[in-house]
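This report refers to the structure that appears directly beneath it.
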Protein chains: 2
Amino acid sequence: MSPAREQILQTTGALLERQGCHATGLNEIIRESGAPKGSLYYYFPAGKDQLVAEAVLEGARGVAERIRANMADLGLEGFVMRIADGVEASGYAAGSPLTAVAMETATTNERINLACREAYGMIVAAFRDGLVEQKPGEEGAAALALFVTAAVEGGIILSRTQHDATPLRVIAAQLGRLEHREGS
Amino acid sequence: MSPAREQILQTTGALLERQGCHATGLNEIIRESGAPKGSLYYYFPAGKDQLVAEAVLEGARGVAERIRANMADLGLEGFVMRIADGVEASGYAAGSPLTAVAMETATTNERINLACREAYGMIVAAFRDGLVEQKPGEEGAAALALFVTAAVEGGIILSRTQHDATPLRVIAAQLGRLEHREGS
DNA sequence: GTCTATACGGTGATAGAC
DNA sequence: GTCTATCACCGTATAGAC
């Protein structure tokens, strides 16, 4: 795949992360990415919707990968602590491109909404697999994975808003208690 | 306070809830609210920022009130179940005006960001008081309240995105298990 | 207090040259 | 594949009449 196309997707994801969907303009994407200006509608003929949808999915793929790569080593609490570090280090600009876009477009843009659904599906599945790996016999791993996803998502919102990683760290600790006390 | 001003604030909140900040235009607010067009900058001389900030705070006040009014009767699980019903009934357009606005403006608009901080503060405090009321001796109610807020916030995002109240209901059940098993 | 008209910049999108 | 020019539209904000 073309490196220009890849570059466009990546900076789109970064901008969506910080500003959401409507605040991110195509001109801004082109400027920031340094990609050739004329190439936008060449690579993404369906326009902004397609671009945003693909960026969201690519971002979620990355998140799911990081979950799969790190959950076994760090455990749930440790992994969420690492997310807290990441959010802090980014100047509270990060998370995934998902949250803001999902809220903005849930009932106003079907194409992007479908991409967000798929994206959350990937993330929840990654958590589920990670949790099953840790506790093979565990019932209700699917429900727990949903719960973890929601708590982390909420924690990112709170930490971003407060410009303070403490909320995410508190949530990591709470999830850790859950982690070590499960037995039904 | 003027009824026109109040009407403007209310429909602004509703639009923010559905679309977020940047997608909501001042013209749209005026049209939707039926308020006199010339009155917008009369009541909100600092423009959109002021309007959005006040709408966010008013919305959060309402949420905090509902928490205080219902947590004692319904319990945590029951209360979150009711939120699920509300999100479902609204066609997955609801929640509070907060989430989307908070994500969009966390690092890009200081005035609105400060309003969002205060708004989340009110909500977390309401949950904390509700939890303390249920279990007077409980240590760590503040941390638990933060956790609950994050989980519910995340649940709203997931349910809105999936157009399905199940995620919120699963989270309600998980919080219920927590609720009945706390003891440190 | 309310309204109209308008300024000015930015938006996504398209067409056609190279 | 890439670029420029251009489109119609919508955004916020302001000025001035009533």
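Order of the sequence lines sets the chain letters (A, B, ...), proteins ahead of strands, with each chain counted from 1.
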Whole angstrom is fine here: how far is it from [atom1] in [X] over to [atom2] in [N]?
X	N	atom1	atom2	value
B/Y42	D/dA13	OH	C1'	19 Å
A/Y41	D/dT4	OH	C1'	15 Å
B/F44	C/dT2	CZ	C1'	15 Å
A/N27	C/dG9	CG	C1'	12 Å
A/K37	D/dT4	NZ	C1'	9 Å
B/I30	C/dT2	CD1	P	11 Å
A/E28	C/dG12	CD	C1'	14 Å
B/Q19	D/dC10	CD	C1'	14 Å

- To the nearest 0.5 Å, tell me how far A/E153 CD sits from A/L158 CG.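 Output value for this atom pair is 11.0 Å.
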- Query: Salt-bridged, B/R18 to B/E32, with N to O below 4.0 Å?
  - Reply: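 Counted as a salt bridge, because a side-chain N and a carboxylate O are separated by less than 4.0 Å.
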- Message: For A/V56 versus A/L98, what's the shortest heavy-atom pair and its separation?
- Response: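 The pair with the smallest heavy-atom distance is CG1-CG, 4.2 Å.
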- Message: Distance alone, cut at 3.5 Å: any donor-acceptor contact between the side chains of B/Q19 and B/E28?
- Response: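 Yes - a donor-acceptor pair under 3.5 Å links their side chains.
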- Would you indicate what B/Y43 reaches in the nucleic acid, counting non-hydrogen atoms under 4.0 angstrom: base, sugar-phosphate, or nothing? sugar-phosphate
- Message: So if I take every side-chain heavy atom of A/K48 and compare against D/dA13, C/dG12, D/dT2, which nucleotide ends up nearest?
- Response: C/dG12
